[in-house]
Amino acid sequence: MLAGSAPAGRQKGTTLLIIFGLRVFYRTIAQGTFHCRRCGGDREYRHRAGRRWFTLFFIPVIPLTSVGDHVQCTTCRTRYVTEVLGQPTTAQMQAALPAGMRAAVSAMLRSGDPSSPASRQRAIEAVIGSGVPNYDEAMLNADLMQPFEAIRPALNQVGAQLTIQAREWYLTEVIRIALADGSLSEGERQAALAIGLDLGMTQAQVIGVVAMTEQSAGRD
Ligand SMILES: [Zn+2]
């Protein structure tokens with residue numbers, strides 16, 4: 001009796017599933033470019049919102065609960081939580097590094113003597129090293145015209161993308177500009193602190209980097 005009723009129950013269940021069902025359907029609500037960790041590069045994405053539907057003969061007839069959004073790479077099909085869109089793309093990171101360095105070197109030069117040939121040379125080398133091979137005196141002069149408040153977002157952006165070690169390296173490059181024409185003035189120390197804070201460093205970290213850079217410059 002038990003053996004006979006079990007297959008009958010399964011049969012009934014299967015029939016019901018064919019007629020009624022629940023299925024999640026997705027629709028694309030936005031598209032764009034993001035950095036796909038699986039692919040290891042910038043890829044196109046689809047931002048999709050899902051909703052569970054009550055289906056009848058596979059046709060969605062009644063919308064039910066929302067199942068949330070996700071971001072899907074159109075290349076490898078990997079799904080991510082939507083927070084992934086807050087991460088910079090490779091192209092944005094490549095642009096942020098030199099933009100941040102240009103902001104930092106002009107802030108540092110202005111806090112000391114912006115006409116010092118040794119400091120200017122060091123500043124141009126730092127910007128070229130960050131990825132602007134054609135950076136020259138004219139471009140530096142144009143950057144020096146920018147008010148500090150206008151260049152702060154570039155520092156914030158690059159700071160958010162760098163590791164702690166990379167921020168320290170970045171700040172070291174900037175301090176060497178001020179040290180190129182002699183020891184640090186009080187204004188240059190203040191500039192190093194402002195740049196470090198805008199990069200997301202703590203005051204203690206900045207003071208440590210300043211002390212180490214001064215020491216290594218003294219040994220050279
Ligand atoms: Zn991918």
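What you see is a predicted model, and the numbers here were worked out from it, not measured in a lab. Order of appearance sets the numbers: ligands from 1, and atoms from 1 within every ligand. By convention here, the first residue in the shown sequence is residue 1.
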Open item on the list: Let's go through Arg189 and Glu214 carefully: what are the C-alpha distance in whole Å and the side-chain angles of both, what is the deciding distance for salt bridge (charged side-chain N to carboxylate O under 4.0 Å, His left out) to 0.1 Å, and is it a yes or a no?
Closed with: CA-CA 11 Å; Arg189 276 179 209 283; Glu214 283 183 305; 2.8 Å; yes
Open item on the list: Between Gln72 and Arg77 (side chain of the first, backbone of the second, donor and acceptor by atom type, cut-off under 3.5 Å), is there such a pair?
Closed with: yes
Open item on the list: When you measure from the side chain of Asp181 to the backbone of Ser119, do you find a donor-acceptor pair of N or O atoms at a distance under 3.5 Å?
Closed with: no
- [ ] Output all residues satisfying ring pair (Phe, Tyr, Trp, His ring centres under 6.0 Å) with His70, sequence neighbours left out; order by chain, then residue number.
- [x] Tyr26
Task: CE-CD1 distance between Met212 and Ile175, expressed to the nearest 0.5 angstrom - done: 10.0 Å
Task: Sub-6.0 Å ring centroid separation between Tyr45 and Tyr80 - done: no
- [ ] Under 2.8 Å from the Zn ion (ligand 1), which protein N, O or S atoms are there? Could you list them by chain and number?
- [x] Cys36 SG, Cys39 SG, Cys73 SG, Cys76 SG
